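This is a predicted model, so every value here is computed, not measured. All residue numbers refer to positions in the sequence shown, counting from 1.
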Amino acid sequence: MITWRRLGESDFPRVGRWLAEPHVARWWNHETSPEAVARDFGPAARGEEPSEDLLVMVDGRPIGLVQRCRFADYPEYVAELADADVEVPDGAMSIDYLIGDPRMVGRGHGARMIRAIVGATWTDHPDATAIVVPVHAANRASWRALEKAGLHRVAEASLEPDNPVDDRAHYVYRVDRPSPHRP
């Protein structure tokens with residue numbers, strides 16, 4: 001069973017270890033020192049930033065992290081996507097994610113985690129209209145997890161990469177809020 005909770009400061013050592021794992025470091029390109037983790041994850045953990053950092057667990061065991069945010073809170077991302085001719089509808093949200101525990105990689109947990117967070121987003125954020133996720137084109141495991149979770153590739157875009165060793169090639173995935181069922 002997949003569950004999650006808000007990331008707390010007591011989780012920072014685990015997040016630092018996950019960020020240092022080669023399969024995560026390749027795509028997140030994040031400093032892993034305790035100071036860097038506290039600097040970058042502390043504001044969301046304390047509620048000082050509008051994004052949500054969620055510690056994801058399978059059967060109570062922490063395996064990964066999902067970051068969820070409203071595009072409206074980060075207009076620079078909307079502008080970058082607009083410059084690449086990618087539509088970001090009003091009310092759209094985005095997610096970023098990782099499976100930190102290397103023993104849990106390649107077992108379908110990424111797609112299950114994404115599917116669960118997407119489903120919860122419609123309840124947690126009743127004004128959310130869509131979830132739009134840019135992912136580097138070379139990160140096949142990531143975009144395949146999005147596809148398995150039900151998101152659809154809607155664009156190819158030239159965007160600033162998270163890792164400076166990468167080119168600008170990205171795929172953009174999207175899922176819209178399900179229509180209410182009519183009798």
Side-chain angles (χ1 to χ4, degrees), residues 1-12 14-15 18 27-28 30 37 40-58 60 62-100 108-136 139 142-155 157 159-160 162 170-183:
M1 175 190 215
I2 293 185
T3 58
W4 55 87
R5 63 169 171 75
R6 291 291 291 240
L7 189 72
E9 292 184 6
S10 64
D11 300 310
F12 292 174
R14 179 187 314 275
V15 171
W18 286 347
W27 299 109
W28 278 64
H30 197 284
V37 172
D40 295 339
F41 292 89
R46 292 186 301 271
E48 299 167 0
E49 186 172 314
S51 67
E52 300 168 286
D53 293 339
L54 307 170
L55 184 73
V56 178
M57 294 159 279
V58 170
I63 66 154
L65 176 74
V66 172
Q67 293 182 314
R68 183 169 61 177
C69 69
R70 289 180 181 86
F71 273 103
D73 293 328
Y74 299 93
E76 66 275 17
Y77 296 137
V78 176
E80 184 181 20
L81 287 166
D83 288 347
D85 292 324
V86 175
E87 178 193 3
V88 178
D90 289 342
M93 298 190 71
S94 191
I95 59 171
D96 202 354
Y97 42 85
L98 63 86
I99 300 291
H109 294 304
R112 289 178 50 222
M113 176 175 77
I114 293 166
R115 192 177 308 110
I117 293 292
V118 165
T121 298
W122 310 133
T123 302
D124 297 348
H125 298 278
D127 57 339
T129 58
I131 297 174
V132 178
V133 183
V135 62
H136 195 275
N139 191 347
S142 183
W143 55 259
R144 286 292 295 139
L146 289 167
E147 290 173 353
K148 290 176 185 176
L151 283 81
H152 303 281
R153 188 180 302 175
V154 296
L159 303 171
E160 188 67 34
D162 290 332
H170 282 72
Y171 296 140
V172 181
Y173 283 81
R174 178 173 165 172
V175 63
D176 292 324
R177 174 180 287 281
S179 298
H181 295 291
R182 293 192 170 96

Where Arg174 and Ala130 come nearest, the two heavy atoms and their spacing | NE-CB, 4.0 Å
Main-chain N/O of Val132 paired to Ser94 side chain as donor or acceptor, under 3.5 Å = yes
Candidate list Leu55, Val66, Ile117, test side-chain contact (heavy atoms from CB on, under 4.5 Å), partner Trp4, passing option = Ile117
With no hydrogens and no angle check, is any side-chain donor or acceptor of Ser51 less than 3.5 Å from a backbone partner on Cys69?
-> no
For Asp127, look at atom CG and say whether over 12 heavy atoms of other residues, nucleotides or ligands are found less than 6.0 Å away.
-> yes
Looking at residues at least two apart in the chain, or sitting in another chain, which of them share a ring-ring contact (aromatic ring centres under 6.0 Å, His included) with Phe71?
-> none
Just how far is it from atom CG of Leu151 to atom CD1 of Ile95, taken to the nearest 0.5 Å?
-> 6.5 Å
Residues in ring-ring contact (aromatic ring centres under 6.0 Å, His included) contact with Phe41, at least two apart in sequence or another chain | His30
Between the side chain of Arg144 and the main-chain N/O of Ala111, is any donor-acceptor distance below 3.5 Å?
-> no
Counting N and O atoms only, with roles assigned by atom type, does the side chain of Arg153 sit under 3.5 Å from a partner on the main chain of Glu147, one being a donor and the other an acceptor?
-> no
Looking at residues at least two apart in the chain, or sitting in another chain, which of them share a ring-ring contact (aromatic ring centres under 6.0 Å, His included) with Tyr171?
-> Trp143
Contacts of type ring-ring contact (aromatic ring centres under 6.0 Å, His included), residue Trp27, not counting sequence neighbours | His136
Which pair of non-hydrogen atoms, one from Leu65 and one from Met113, has the smallest distance, and what is that distance?
-> O-CE, 4.3 Å
How far does CG of Leu81 sit from CD of Glu76, to the nearest 0.5 angstrom?
-> 11.0 Å
Side chains of Leu159 and Val86: does their closest heavy-atom pair fall under 4.5 Å?
-> no
With sequence neighbours excluded, residues passing side chain to side chain donor-acceptor pair (under 3.5 Å) with Gln67 | Asp53
Hey, is the main chain of Pro126 close enough, under 3.5 Å, to the side chain of Arg177 for a donor-acceptor pair?
-> yes
Partners meeting salt bridge (Lys or Arg N to Asp or Glu O under 4.0 Å) with Asp96 (sequence neighbours left out) = none
So does Tyr77 have more than 12 non-hydrogen atoms from other groups sitting under 6.0 Å from OH?
-> no
Atom OG1 of Thr121 and atom CD1 of Ile114: how far apart are they, to the nearest 0.5 Å?
-> 11.5 Å
Spacing of CH2 belonging to Trp18 relative to CG belonging to Leu98, to within rounding of 0.5 Å = 7.0 Å
Mind checking the NZ-CZ spacing from Lys148 to Arg112? Nearest 0.5 Å is all I need.
-> 12.5 Å
Under 4.5 Å between any side-chain heavy atoms of Leu54 and Arg6, yes or no?
-> yes
Of all heavy-atom pairs linking Ala45 and Phe12, the shortest is CB-CZ, 4.0 Å
Nearest heavy atoms of Val175 and Gly150, plus distance in Å | CG2-O, 4.1 Å
Residues Met93, Asp124; criterion side chain to side chain contact (heavy atoms under 4.5 Å, CB included); working and verdict | CA-CA 12 Å; Met93 298 190 71; Asp124 297 348; over 6 Å; no
Check Ala44 against Glu49 and note the closest heavy-atom contact, atom names and distance.
-> N-CB, 4.0 Å
